[in-house]
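Computed from a prediction, not measured in an experiment: that's the story for all the values here.
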Amino acid sequence: MLKIEIALPPDLEREFDAAFKLVERPAAALRELGRTLSNATRDHFDVLNKIPNARGFKKSGFWRGIKNGTYFKDSDDSSATVAIADETRSFYAKVHGAVITPKNAQALAIPVSEEAYGKSPRAQDASFKDALKLIPRKGKPSILATVDADGEIDKVHYVLLKRVKINPDPHALPRDEYVFRRLFESLSDYLERRGA
C-alpha cells in the first residue's frame, strides 16, 4: 500500500489546526476533506494526462487510468483516506522509483516505435509479431526490428534490456501547497456553511 502524507510548513499547519479546532463534528469535516483531497488528486492526474508523452507517441492513458482509480475511501474522527488503485504498481514506481527486471522472459522489451508503444511484443497482432526479427548487437543491447527484403534493418521497434531503473517522478503527486490550498478552502467553506 502506498501511503502519502502531506507535509505543511509550520505556519500553515498552525493556521489549518486553528481552523480545524472550530469543527464540531470532526468525522463529517474529515469526510468532506477526504473528498476534496480525492478531487484535488484526480484534477492533478487530469492535468498530467493532457501532457504529451516524451516521444510524441499516441498516449497510453496511464494518467487517465490512475485518475479513474483514485477515490475517497473512508474517514473517521482523526483521518481521511484516499485510495489510488494501481494493480500494476506502475504508479508506485512513478512516485518512489524502481528497478524493473524481466519476469518470465530473458529481457525487458522497451518500445521505441509508435507501433510498439504500450504493447508487449507477445501481445502484437500475428503479422507484426512475425515480422519482428531478433538482432543481437556486439557490446550493445539486442533489438527487435522489422527488416527489408535485403535483410537490412527497416525500423527498430524494441530494445531488449536486462533491467531498467525508473527514477522517481517529482510531478507524479500534486504539490503539498496545492493540496493544502484546496483543503483549506474546503475547510473554510465547511465552517462557513455551519456558521462557525
Is the shortest heavy-atom distance from the side chain of [X] to the side chain of [Y] under 4.5 Å?
X: Arg42; Y: Asp46; value: no
X: Arg55; Y: Val112; value: yes
X: Trp63; Y: Lys94; value: yes
X: Leu30; Y: Asp77; value: no
X: Leu132; Y: Tyr158; value: yes
X: Phe20; Y: Leu33; value: yes
X: Phe91; Y: Leu173; value: yes
X: Asn167; Y: Lys165; value: yes

Hydrophobic cluster membership, [X] vs [Y], 4.5 Å side-chain cutoff:
X: Ile166; Y: Ile84; answer: no
X: Phe184; Y: Tyr190; answer: yes
X: Leu48; Y: Phe57; answer: no
X: Phe62; Y: Ile100; answer: no

### Arg181 with Glu185: basic N within carboxylate O range, under 4.0 Å
yes
### Task
Using a strict 4.0 Å threshold on nitrogen-to-oxygen distance, state whether Glu32 and Arg25 make a salt bridge.
no
### Message
Test side-chain contact (heavy atoms from CB on, under 4.5 Å) on Leu187 and Leu183; report intermediate values, then the result.
### Response
CA-CA 6 Å; Leu187 181 57; Leu183 290 173; over 6 Å; no
What distance do [X] atom [atom1] and [Y] atom [atom2] have between them, rounded to the nearest 0.5 Å?
X: Arg31; Y: Thr36; atom1: CZ; atom2: OG1; answer: 12.0 Å
X: Phe72; Y: Leu37; atom1: CZ; atom2: CG; answer: 9.5 Å
X: Lys103; Y: Leu108; atom1: NZ; atom2: CG; answer: 8.5 Å
X: Ile135; Y: Thr146; atom1: CD1; atom2: OG1; answer: 8.5 Å
X: Lys58; Y: Glu115; atom1: NZ; atom2: CD; answer: 12.5 Å
X: Leu22; Y: Arg194; atom1: CG; atom2: CZ; answer: 13.0 Å

### For Asp43, salt bridge (Lys or Arg N to Asp or Glu O under 4.0 Å) partners two or more places apart
Arg182
### Summary
Those residues at least two apart in sequence (or on a different chain) that pass salt bridge (Lys or Arg N to Asp or Glu O under 4.0 Å) with Arg64 are none
### Geometric cation-pi criterion, Arg175 with Tyr178: 6.0 Å, 45°
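Ring-cation test returns no.
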Quick one: does any side-chain atom of [X] pair with a main-chain N or O of [Y] as donor and acceptor, under 3.5 Å?
X: Ser79; Y: Ser75; value: no
X: Lys67; Y: His44; value: no
X: Lys133; Y: Leu144; value: no
X: His157; Y: Ile110; value: no
X: Asp150; Y: Glu152; value: no

### Task
Please report the C-alpha distance between Asp169 and Val95 in whole Å, then the side-chain angles of each, then the deciding distance to 0.1 Å, and finally whether the side-chain contact (heavy atoms from CB on, under 4.5 Å) criterion is met.
CA-CA 6 Å; Asp169 180 348; Val95 173; over 6 Å; no
### Residue Arg163 excluded, over 12 heavy atoms near CZ under 6.0 Å
no
Atom of [X], atom of [Y] and distance for their closest heavy-atom approach:
X: Gly118; Y: Pro111; result: N-CG, 4.3 Å
X: Gly61; Y: Asn49; result: CA-OD1, 4.3 Å
X: Asn104; Y: Arg122; result: O-NH2, 3.2 Å
X: Lys155; Y: Ser113; result: CE-CB, 3.9 Å
X: Ser38; Y: Val82; result: N-CG2, 3.7 Å
X: Asp154; Y: Asp148; result: CB-N, 4.0 Å

### Message
Testing Leu161, Val159, Leu160 one by one against Ser142 for a side chain to side chain contact (heavy atoms under 4.5 Å, CB included), which residue passes?
### Response
Leu160
